[in-house]
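First comes the structure, then the notes that go with it.
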Amino acid sequence: PDVPDMAAVIQASWVVVAPMRLGVGVKNKVLEGWAAGRPVVQTPRATNGLRLNDAAAALVASAPDHFARLVTDLLGHRDRRHRAGRDGLDLVRTRHTWPAAAQALSRVLRSAIETPPDSA
């Protein structure tokens, strides 16, 4: 079923899960969770294109039992859950903003311009 207001659902949640094995728009789902200050437990596929810090990387799991342990641990420990939520919010504010994306693109373009083409 369609969710009329995903932001409201995330705000009412304690933990966001992104058990992605394939798909598109994955990055937005994770960023929405972080932006709401919620911890995000995700599979490696969900991290594609994201710049993680150590705290976010600690919530990545490929094995189903490890993934489940991370989720249940956060659900059972309020302080860890809140700390992970703050870490995610900080991550989205520092690494996943439009200015940060523009700076990264600028660095790539500058490097391409300054690097001489390979001589064949």
Applying the side chain to side chain contact (heavy atoms under 4.5 Å, CB included) criterion to Q42, which one of N48, V30, V17, V16 satisfies it?
V30
Look up atom [atom1] in [X] and atom [atom2] in [Y], then write down how far apart they are to the nearest 0.5 Å.
X: M20; Y: K29; atom1: CE; atom2: NZ; value: 5.0 Å
X: R93; Y: W34; atom1: CZ; atom2: CH2; value: 14.0 Å
X: T94; Y: L89; atom1: OG1; atom2: CG; value: 9.5 Å

What verdict does the side chain to side chain contact (heavy atoms under 4.5 Å, CB included) test give for F67 and V41, after you've listed the backbone C-alpha separation in whole Å, the side-chain angles of each residue and the deciding distance to 0.1 Å?
CA-CA 7 Å; F67 193 96; V41 178; 3.6 Å; yes
Can you name the nearest heavy-atom pair linking [X] to [Y], along with the distance?
X: T97; Y: A100; answer: OG1-N, 3.1 Å
X: I10; Y: E32; answer: CD1-CB, 3.8 Å
X: P44; Y: T47; answer: O-OG1, 2.6 Å

If two hydrophobic side chains count as joined below 4.5 Å and joins carry through other members, does [X] share a cluster with [Y]?
X: V9; Y: V71; answer: no
X: L31; Y: V3; answer: yes
X: L70; Y: V15; answer: yes

Does R38 use its side chain to pair, donor to acceptor, with the backbone of A36 at less than 3.5 Å?
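Checking the backbone N and O of A36 against the side chain of R38, a donor-acceptor pair under 3.5 Å is found.
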Who passes side chain to side chain donor-acceptor pair (under 3.5 Å) against R80, sequence neighbours left out?
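Side chain to side chain donor-acceptor pair (under 3.5 Å) check on R80 returns D73, H77.
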Connecting only ILVMFWY residues whose side-chain heavy atoms lie within less than 4.5 Å of each other, what is the rest of V108's hydrophobic cluster?
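Members other than V108 - counting any ILVMFWY side chain reachable under 4.5 Å - there are none.
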Under 3.5 Å, side-chain donor or acceptor atoms of residues 49-64 against the rest of the protein: list the pairs with distances, not counting sequence neighbours.
from: N53; atom 1: OD1; to: A55; atom 2: N; distance (Å): 3.3
from: N53; atom 1: OD1; to: A56; atom 2: N; distance (Å): 2.8

Can R83 and D87 be counted as an ion pair, charged N to O under 4.0 angstrom?
no
